[in-house]
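Residue numbering restarts at 1 for every chain, and letters A, B, ... go by the order of the sequence lines. Please read these numbers as outputs of a predicted model, since none were measured by experiment.
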Amino acid sequence: MKHTLVEKIFGNKVGHEVKPGDIITVPVDWCMVDDIMAKFCIGKFEEMGFTKVYDPEKIVLIYDHFLPSTQADDTVAFHAGDAFAEKYGIKNVHRTDGICHQLMTEAGYVKPGDIAFGTDSHTVTYGCVGAFSTGIGYTEMAGILGTGEIWIKVPETIKVQIEGKLNEGVTSKDVILRIIGDLTASGATYQALEFCGSTVSDMSVASRMTMTNMAVEAGAKCGICIPDEKTAEYCNIPYDEKIKNLCPDEGASYSKVLTYKAEDFVPVMACPSLVDNIHPVSELKGTKVDEVFLGSCTNGRLEDLQAAAAVLKGRKKAPHVQFIVTPASRKVYKEALNDGTLEILSKAGAIITTPGCGLCCGRAGGVLTDDEVVVATNNRNFLGRMGTSKVKIYLASPVMAAKAALFGEITE
Amino acid sequence: MSETFKAKIWKLDDDIDTDIVLPTEYLALKTVEDMKPYAFSPLRPELAAQIKPGDMIVAGKNFGCGSSREQAPEVVKALGVSCIVAQSFARIFFRNAINNGLLLIENPDLHDAVKEGDEALVTPGEKIVVNGKEFPIASLPENLMEILNAGGLVKAMRKRNGLD
Amino acid sequence: MGKIFKFYKDVDTDQIIASQYLLFPTIDEMKTHTFESLNSDFAKDVRPGDFVVADENFGCGSSREQAPGVLKALGVKAVIAKSFARIFYRNSINIGMPVIVCKDLYEAVKDGDEMELDLENGVIRANGKEYSCTKLPAKMQEILDQGGLIASLNREE
Amino acid sequence: MGMTMAEKIIALAAGIEKTKAGDIETVTLDRLMSNDGTTHLTIDMYNKLKNPHIADVEKLVWIVDHNIPSDSPKTAASHKKMRDFAAEHGITYYEGEGVCHQIMMENHVRPGELIFGADSHTCAYGALGAFGTGVGCTDYLYAMVTGTSWLLVPESLKFNLHGKLREGVYARDLILTIIGRIGANGANYKAMEFCGEGLATLSMADRISICNLCVEAGAKTALMEVDDVALDYLKAHGREPKAIVKSDPDAVYSETYDIDLNEIEPIVAKPHFVDNVVPAKECEGVKIDEAFLGSCNNGRIEDLRVGAEVIKGKKVAERVRFLVVPASRAVYEQAMKEGLLDIFLDAGAIIMNPNCSVCWGACQGVIGEGETLISTGTRNFKGRAGHKDSFVYLASAATVTASAIAGKITTADRV
């Protein structure tokens with residue numbers, strides 16, 4: 001039988017062939033617990049009656065939503081996490097290093113072929129290195145922490161094939177937004193999105209992360225890219241037979257195949273207040289903007305900051321527009337500092353904040369009020385996500401975000 | 001799980017995301033009880049106070065899309081909602097609901113056939129009757145029924161650990 | 001007659017109204033948090049016409065006018081202290097809330113006692129005794145008499 | 001009878017030859033600074049006036065620095081009100097550029113000016129020989145509309161500084177020592193004037209730090225004689241003085257203090273008052289959860305250099321959050337250029353955008369129940385940094401950084 005990449009990963013782990021619809025129990029390579037869910041997860045773990053975690057080395061605690069803390073109760077999460085880590089011997093704790101989804105691959109945890117779960121829906125991101133990863137609730141996470149396994153229904157796979165070279169100014173963000181628009185916000189529910197084709201091969205791992213990160217916005221269980229030499233280099237592992245075998249079989253069966261030509265993509269934005277409400281930027285130009293947010297696990301990486309800096313070099317943001325830049329991790333911050341990117345952004349008038357979830361989770365980093373308009377590079381524009389329900393959120397690529405900051409309105 | 005119950009319908013549309021079910025700013029509140037008043041607040045601020053124990057929610061497609069916050073199904077359950085019937089559910093919400101013992105039912109037709117305030121007779125795994133019309137419903141896979149029957153995942157795990 | 005809410009010395013503006021409430025749109029939205037860290041029931045218990053009595057240096061710290069603002073909004077008739085920090089003092093007069101320096105009252109009363117303020121004669125009556133207050137400088141009395149600084153602005157125009 | 005600096009500046013602003021402590025004068029303000037702490041209320045009051053107008057819009061400087069970037073829709077609404085009003089009336093406006101007093105020092109304050117700021121730490125401007133004082137929003141509005149206000153001419157306290165601070169001792173240790181000596185209301189209504197040959201040994205950063213904190217002794221303003229150090233700073237920032245005033249030899253002071261800088265040692269102000277000071281070594285070993293290097297008091301490039309020097313090649317203690325917050329964009333970019341940000345990042349510090357941060361106790365780095373913060377900020381009042389049952393210790397940049405490394409309060413010579 002021929003298999004898609006996800007079916008292969010599951011098959012490898014359970015030691016027998018699997019097919020979509022099978023309900024299987026899989027061993028878990030990585031558990032990611034973030035600060036916002038830590039307290040609840042730990043509570044459930046103890047309620048379940050476990051006395052130890054299945055493997056402390058495979059558990060990673062990351063504090064990112066509450067950093068910087070904005071309310072007096074926020075730091076309770078840190079203390080709860082610290083106490084749990086100490087009690088059960090968990091060494092992998094990132095207290096101030098950046099956003100969880102950035103760190104899970106950047107800090108060397110998740111590798112091609114792994115199975116990872118996290119207490120956050122954007123856990124799907126790690127598909128960028130050819131791993132299966134998905135978000136779950138804290139109760140289920142508590143179960144995994146105790147048992148090391150979870151049941152899962154093997155998903156059907158939608159194949160997204162993109163061939164050719166993207167036009168200047170078009171990024172992987174424009175690609176994934178368009179795909180979500182075509183699939184709709186529920187079009188891939190329960191299914192895996194497999195991204196392939198020469199366009200995806202040409203992308204950096206960072207660009208692929210933007211795509212897999214947003215797979216969940218089409219409802220997908222996971223998004224996945226085929227690991228290659230770039231992946232091996234990013235993960236700091238040899239490009240060997242094991243990785244080469246992590247690819248879908250020729251003739252594997254898909255529930256759907258979407259085929260795109262790279263040159264057909266244009267800059268787009270997801271308009272208020274649904275992620276699948278996609279329009280070309282050309283239709284939106286002239287829309288006045290109050291704030292621009294460059295950051296998040298979707299688009300807070302070095303190449304994203306560099307793309308914005310290329311637009312803004314030697315220029316200033318429009319007056320009375322707030323331009324907020326939140327690097328995804330300490331490493332990204334440092335790299336952008338050392339290659340001059342942050343200096344360009346600062347001189348352009350950016351407010352450069354500490355790495356963390358920032359505005360994307362709506363608790364800090366530039367929350368807005370009624371009738372304000374924000375162009376943001378993150379992954380969700382839901383009603384009320386960044387302030388009141390009358391805030392208008394447009395999701396865009398770093399390039400388009402930088403242009404909006406420069407001109408104070410959406411600009412092609 | 002197969003006893004028939006009566007429930008008043010609150011009607012919502014497609015793509016009810018988890019930021020609507022419970023906005024991020026309330027996630028850090030100490031208990032689910034504290035969160036209850038803010039359920040559905042971005043969309044219908046008055047709804048949480050109107051829902052009475054035993055009522056049901058009927059929605060369109062993709063209910064619960066968005067984040068993995070388990071507070072979403074928890075807060076709905078805490079409001080006393082007996083079940084949610086939707087054309088489809090987002091997957092994380094679906095798992096979280098089952099893990100917390102909240103009954104979810106998929107049905108393609110009910111949403112367009114009822115209006116808010118209607119009363120429904122629900123027989124889990126069998127049918128829903130509203131305004132004299134019958135809507136057949138499927139039962140859940142066996143492994144999920146096990147969790148539901150145990151009263152949620154925590155109870156199932158306690159059992160496994162020899163505690164209950 | 002009004003009830004006395006008694007506080008100690010060096011009550012700073014952060015205790016009167018904490019930073020996290022200052023950017024709320026209106027004083028009315030802030031006032032329920034008055035004295036939250038010292039007496040979380042204060043805003044609930046205080047009635048229009050009641051008094052705040054304190055020791056030395058009341059209102060030290062920041063220039064936040066929200067501090068006298070929330071007290072006035074809750075109906076506090078006057079603050080009586082042994083001394084005031086200057087910005088708080090000035091802000092109170094500016095919004096038309098009497099701030100009275102009285103050296104002897106603090107030791108003589110306890111929390112919950114009743115008192116009466118005779119502003120005209122500079123006298124406080126409590127527990128059957130009279131206490132004299134320091135007179136306001138003429139300039140400040142004038143501002144207070146016309147109902148605060150802004151009232152004077154509107155009249156001048 | 002001669003006049004003090006404070007008296008001279010007020011006389012100048014009142015357009016009169018002479019005045020003396022205790023008189024009430026009507027003055028014309030040179031500059032009016034307001035920040036997001038109260039400006040939304042000022043605007044509401046302005047809009048309710050019968051005949052709203054601004055006397056001289058050139059004198060207004062509005063700065064969003066407290067809750068930036070915004071942390072809630074309510075904050076955002078207050079900011080929007082301020083932003084829209086500033087744009088409509090052409091008011092000089094800064095948003096996210098740094099702490100208001102640092103912005104004022106870098107861009108606006110001139111010797112001899114009389115400045116109202118709707119923030120208590122406006123007294124910092126005395127470092128450039130300007131009379132800065134904090135006011136509420138009603139006073140601010142009155143001055144904004146009429147261009148004038150009334151002032152009770154303050155008595156002055158004189159601080160004669162002698163000698164030089166020892167290695168490892170900072171201006172902040174000095175001013176905390178002075179506040180400890182005279183008490184939290186020791187200078188209430190008064191001006192604190194600093195002079196003596198010891199002043200010449202202090203940098204502008206030192207001087208701003210000293211003047212800035214004088215309000216914690218209740219002072220109406222702080223003033224320092226303008227010398228070459230001040231004039232060089234002014235020139236480097238492209239400005240000329242309004243007037244350089246010196247106290248007359250026979251000026252009257254209500255009190256004179258002689259301070260030997262050589263005797264100052266590292267100081268910590270313990271919870272919950274700024275005047276609750278002890279030698280830093282007496283707090284040795286107090287466990288901390290957070291450390292803060294920043295604020296209008298200690299967020300300048302000189303302070304970041306001190307911190308970087310202490311932490312270079314070392315690490316922040318595992319469970320400590322060490323917030324490094326430059327006081328302005330200029331400071332941030334300078335720290336970037338000098339490689340200081342790199343040092344802090346490597347050490348595990350959290351670098352934040354220039355703003356008031358946890359010194360103001362909302363928006364960033366808020367601490368929880370039972371937590372302890374050691375801070376270079378201005379205040380350690382109960383609940384100032386977050387939960388009402390939390391603890392704030394104030395200390396110098398060196399002591400704060402050393403404590404961040406140790407995870408408990410300690411001095412720089414011990415890490």
Side-chain angles (χ1 to χ4, degrees), chain C residues 9-16 18-27 29-30 35-38 40 56-69 82-96 137-140 142-143 148-157, chain D residues 24 36-38 40-42 44-45 48-51 66-67 70 72 74-75 77-79 81 117-122 133-142 145-146 150 152 154 183-185 188-189 215-216 218-220 272-273 275 360-363 366 379 381-384 386 388-389:
Chain C
K9 94 186 245 278
D10 294 330
V11 170
D12 60 72
T13 48
D14 282 73
Q15 312 311 316
I16 303 172
S19 301
Q20 72 243 47
Y21 308 118
L22 297 188
L23 273 74
F24 281 18
T26 63
I27 297 280
E29 284 177 67
M30 301 171 206
F35 286 124
E36 195 167 66
S37 62
L38 300 180
S40 54
E56 301 276 0
N57 204 27
F58 187 85
C60 63
S62 89
S63 62
R64 58 187 69 169
E65 195 170 302
Q66 289 94 332
K82 285 192 193 173
S83 69
F84 290 90
R86 55 163 287 279
I87 309 182
F88 180 87
Y89 191 74
R90 205 175 154 118
N91 284 342
S92 301
I93 301 291
N94 282 342
I95 63 169
K139 176 79 189 171
M140 295 197 137
E142 186 191 317
I143 295 170
L149 191 63
I150 297 306
S152 80
L153 206 56
N154 279 334
R155 210 183 46 197
E156 275 165 26
E157 285 168 296
Chain D
I24 289 180
D36 55 335
T38 49
H40 58 302
L41 300 177
T42 307
D44 286 346
M45 289 194 287
K48 282 188 203 140
L49 290 176
K50 259 195 231 155
N51 179 21
H66 279 54
N67 278 21
S70 142
S72 76
K74 285 181 181 177
T75 296
S78 293
H79 287 173
K81 186 177 278 180
D119 188 284
S120 57
H121 295 102
T122 303
T133 193
V135 295
C137 45
T138 300
D139 260 331
Y140 187 89
L141 176 67
Y142 186 93
V145 171
T146 64
W150 61 273
L152 176 69
N185 61 349
N188 203 5
Y189 290 97
V215 71
E216 307 312 331
K220 182 172 223 158
H272 295 289
F273 289 101
D275 61 358
W360 130 270
C363 190
V366 175
R379 293 200 170 114
F381 297 159
K382 185 173 150 75
R384 173 77 180 183
K388 68 185 171 71
D389 298 316

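Within 6.0 Å of the NZ atom in C/Lys9, the count of heavy atoms belonging to other residues, nucleotides or ligands does not exceed 12.
In this structure, chain D has a heavy atom under 4.5 Å from the side chain of C/Ile143, while its backbone stays farther away. In this structure, chain C has a heavy atom under 4.5 Å from the side chain of D/Asp44, while its backbone stays farther away. Interface residue D/Arg379: only side-chain heavy atoms are found under 4.5 Å from chain C. Contacts of C/Gln15 with chain D are made by side-chain atoms alone, with heavy-atom separations under 4.5 Å and no backbone atom involved. If you measure heavy-atom distances from D/Asn188 to chain C, the contacts under 4.5 Å come from the side chain alone. In this structure, no portion of D/Tyr140 lies under 4.5 Å from any heavy atom of chain C. Only the side chain of C/Ile87 has a heavy atom closer than 4.5 Å to any heavy atom of chain D.
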*Passes side-chain contact (heavy atoms from CB on, under 4.5 Å), D/Leu152 versus C/Lys139? Steps please.*
CA-CA 10 Å; D/Leu152 176 69; C/Lys139 176 79 189 171; over 6 Å; no
*Report the C-alpha separation of D/Asp139 and C/Arg90 in whole Å, then their side-chain angles, then the decisive distance to 0.1 Å, and conclude whether the side-chain contact (heavy atoms from CB on, under 4.5 Å) test is met.*
CA-CA 8 Å; D/Asp139 260 331; C/Arg90 205 175 154 118; 2.5 Å; yes
_From CA spacing to verdict: side-chain contact (heavy atoms from CB on, under 4.5 Å), D/Leu41, C/Met30_ = CA-CA 12 Å; D/Leu41 300 177; C/Met30 301 171 206; 4.2 Å; yes
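In terms of modelled atom types and a separation under 3.5 Å, the side chain of D/Lys74 and the main chain of C/Phe24 share no donor-acceptor contact. The backbone N or O of C/Asn94 lies less than 3.5 Å from no partner atom in the side chain of D/Thr138, so there is not a single donor-acceptor pair. The backbone N or O of D/Lys382 sits nowhere less than 3.5 Å from a side-chain atom of C/Asp14 that would complete a donor-acceptor pair.
Distance CG/C/Asp12 to NE2/D/His272: 10.0 Å, rounded to 0.5 Å. Note that the CG atom of C/Asp10 and the CG atom of D/Asn185 stand 6.0 Å from one another [nearest 0.5 Å]. Between the OG atom of C/Ser62 and the CZ atom of D/Phe381 there is a distance of 8.0 Å, given to the nearest 0.5 Å. Distance check: C/Leu153 CG to D/Leu49 CG gives 5.5 Å after rounding to the nearest 0.5 Å.
The minimum heavy-atom distance linking C/Phe84 with D/Tyr189 is given by the pair O-CE1, 3.8 Å. Shortest non-hydrogen contact noted between D/Ser120 and C/Ser63 is N-OG, 3.2 Å. Of all the heavy atoms in C/Gln66 and D/Gly37, the pair that sits closest is NE2-O, 2.8 Å.
Partners of D/His66 under the ring-ring contact (aromatic ring centres under 6.0 Å, His included) rule, at least two apart in sequence or in another chain, are D/Trp360. Residues satisfying the side chain to side chain donor-acceptor pair (under 3.5 Å) test with D/Thr133, not counting sequence neighbours, are C/Arg86.
The candidate with the highest count of non-hydrogen atom pairs below 4.5 Å against chain D, out of C/Leu38, C/Ile27, C/Asn91, C/Thr26, is C/Asn91. Note: D/Gly134 leads D/Ser72, D/Ala77, D/Gly134 in heavy-atom pairs under 4.5 Å with chain C.
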